[in-house]
Amino acid sequence: MKDSNFLKEHNARQFWHPMAHPADSMANPPTILTGGEGVYITDVDGHRSIDAVGGLWNVNLGYSCQPVKDAIAGQLDALPYYSTFRGTSNDKAIELAYLLAEFFGPDGMTRSFFTSGGSDSIEIALKLARQYHRIRGEGTRTKFISLDKGYHGTHFGGASVNGNAKFRNAYEPLMAGCYHIPGPYLYRNPFGADDPAELAQLSAGMLDREIAFQGTNTVAAFIMEPVQGAGGVIPPHPSFMPMVRDICDKHGVLLIADEVITAFGRTGSETGSRHWGVQPDLMCTAKAITNGYFPFGSVMIAGHVAAVFEDDDSGVGSVDSGYTYSGHPVGAAAAVAAVKETMRIKPWENARARGPELKVGLEALAARYDHIGDVRGEGLMCAIELVSDRRKKTPVGKALPLVFQKAAYEDGVMIRVSGNNAIFSPPLVIDAGHVQKILSAVETGLKAMAEAA
Ligand SMILES: Cc1ncc(COP(=O)(O)O)c(C=O)c1O
C-alpha cells in the first residue's frame with residue numbers, strides 16, 4: 001500500500017468524488033479507508049470505528065461475510081465474465097433469478113432483470129413501465145409521478161423523478177413528463193399537518209389529484225421509496241403506501257417501489273413494501289443484494305406485469321435495454337451467497353430489535369440537546385435533523401454538521417451527514433453494545449457542535 005501522505009495528496013489531486021465539489025477534496029480531505037472487519041472500518045492512519053453508515057446503506061451483513069467473499073473468489077476462477085444479452089446466459093445468474101423469485105415471492109414478484117446498481121435499476125423500471133402500457137395499447141401513458149424528497153439515483157430518468165433540487169439543478173433540462181407531489185414528511189410539510197395519519201391522507205390525496213389533473217391515460221407509473229432514505233429517512237404513516245396502491249389501481253397506474261435501500265431487511269421486514277403490506281408492480285433493488293461487495297442490482301417484476309410482456313406476440317415486448325454487466329456472473333455469485341446468507345440470518349429481526357434502541361436513544365439525546373430538531377426512523381434506518389433554532393426549525397449551516405461528524409468519528413463511530421441530517425444505516429448485524437457506542441459518539445458530536453456554535 002502507498003503511504004498515508006501519498007494517498008492523501010493524490011486523492012486531492014487526481015480523484016473526483018461523487019456528490020462532492022472537486023475543489024473540496026483539497027479543503028476537506030476525505031477519510032481514506034483501508035480495512036473492514038465485522039461492523040468496523042479502519043482508515044489509513046489505523047483509526048478504527050463502528051460503521052454507522054453501513055458502507056452506503058448496503059453492507060447489511062458487515063465486512064466479514066465469508067460466504068460472499070468465497071463466492072466472488074470462486075466465480076473469478078470459474079467464469080469471470082460473460083454477457084447475458086440475448087443468446088447467452090450463465091449458471092449463477094439463473095440460480096439468482098430462481099432464488100430472488102423465492103425471496104420476493106410474497107411481494108408478488110416472479111421475474112428478475114439484472115442491472116449494475118441502483119440507478120440502473122431505476123432506469124430499467126421506468127422503461128418497463130412505459131413499455132408495459134405500450135404493449136397493452138396504452139402508449140399515451142408516459143408520465144411519471146414521484147414524491148418530494150425522493151431519491152432515485154442519478155441517471156437522467158432517476159434524476160427526473162428525483163425530488164431533491166440538489167441532484168437536479170445542474171443537469172437540467174431533465175426528462176419531460178415527470179411531476180412531484182408533497183410526501184409524508186411531517187416535520188416540514190406544506191399542509192401544516194401535525195398528525196402523520198392526516199398527512200398520509202393529504203399526501204395520497206395529492207397523488208389522486210395529480211393523476212386526474214395530468215389525465216389518467218397519460219400517467220405510466222408512480223415511484224416511491226417505502227421509507228425515503230437519502231432525503232433524510234422519512235418513514236410514512238403505515239396507511240400511506242396502501243392508500244397509494246389503491247389510488248394507482250383506481251387509475252391503472254403502475255406502482256414502482258424503489259427498494260434499493262429497503263429490500264433485504266433494513267426496515268425491520270424483508271422488504272419495505274412487505275413492511276407496509278403492499279405488493280407493488282415493479283421493485284428496484286441493488287445495494288445489499290451483494291452485501292455491497294460487488295456492483296449489482298435487479299428489477300423485480302410482478303407476475304401480472306411479466307405476463308403482459310411474455311404474452312406479447314407483436315414484438316413490442318422485446319426489452320431492448322440492459323447493460324454489459326447485467327447478470328455479471330461474479331456479481332450474480334455474490335448475490336446468490338448474500339441472499340442465501342440473508343435468508344439464513346434473517347437480519348430484519350435484528351433490525352427490528354436494534355432500530356428502536358437507536359431511535360429511543362436518539363430521542364433521549366434530543367431531550368437534552370437543542371440542536372436536534374427531529375428524530376426519525378424505521379428499523380435500522382434513522383436520522384436526526386440538526387437545527388440552530390428548534391422553535392423555528394432553522395437548519396444548521398454547512399459547517400456544524402461537519403464538526404459533529406468529525407467529533408463522532410474521532411470518538412470511534414462513522415456517521416453520515418447529508419445537508420442538515422445525520423443519517424444512521426449501520427450493518428443489520430450490530431449488537432446492543434454497538435448501538436450504545438453509536439449513541440455515545442452522537443453525544444460527543446453534539447457537544448462539539450454546541451461548543452463550536
Ligand atoms: C432509494 C435509492 N434509489 C436509487 C439509488 C441509486 O443507487 P446507486 O447509487 O447504486 O446507483 C439509491 C442510492 O443510494 C437509493 O438510495
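Computed from a prediction, not measured in an experiment: that's the story for all the values here. All heavy atoms count here, side chains included; hydrogens, waters and symmetry mates do not. Indexing begins at 1, ligand by ligand and atom by atom, following the structure's order.
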A.B. asks: Do the numbers put R416 on top of the ring of Y409, so that NZ or CZ is under 6.0 Å from the six-membered ring centre and no more than 45° off the axis?
C.D. replies: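 Output no; distance or angle outside limits.
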A.B. asks: Tabulating one pair per line, provide the atom names and distances (0.1 Å) for every N/O atom of ligand 1 that is less than 3.5 Å from a protein N/O atom.
C.D. replies:
| unit_1 | atom_1 | unit_2 | atom_2 | d |
| --- | --- | --- | --- | --- |
| ligand 1 | 3 (N) | D258 | OD1 | 3.2 |
| ligand 1 | 3 (N) | D258 | OD2 | 2.7 |
| ligand 1 | 7 (O) | S119 | N | 3.4 |
| ligand 1 | 10 (O) | G118 | N | 2.9 |
| ligand 1 | 11 (O) | S119 | N | 2.7 |
| ligand 1 | 11 (O) | S119 | OG | 2.6 |
| ligand 1 | 14 (O) | K287 | NZ | 2.9 |

A.B. asks: Examine the side chains of D24 and H17 and answer whether a donor and an acceptor come within less than 3.5 Å of each other.
C.D. replies: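 Distance-only check fails for D24 and H17.
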A.B. asks: Is a side-chain donor-acceptor pair under 3.5 Å present for H237 with D195?
C.D. replies: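 D195 vs H237: no donor-acceptor pair found between side chains.
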A.B. asks: Between the side chain of D431 and the main-chain N/O of H434, is any donor-acceptor distance below 3.5 Å?
C.D. replies: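 Indeed, once roles are kept as given, a pair shorter than 3.5 Å links the two residues.
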A.B. asks: May I ask you to decide if P295's main-chain N or O and K287's side chain share a donor-acceptor pair within less than 3.5 Å?
C.D. replies: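 The answer is no, because no donor-acceptor pair under 3.5 Å joins these two groups.
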A.B. asks: Check the side chains of Q279 and S273 for a donor-acceptor pair under 3.5 angstrom, ignoring hydrogens and angles.
C.D. replies: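 No, no side-chain donor-acceptor contact under 3.5 Å.
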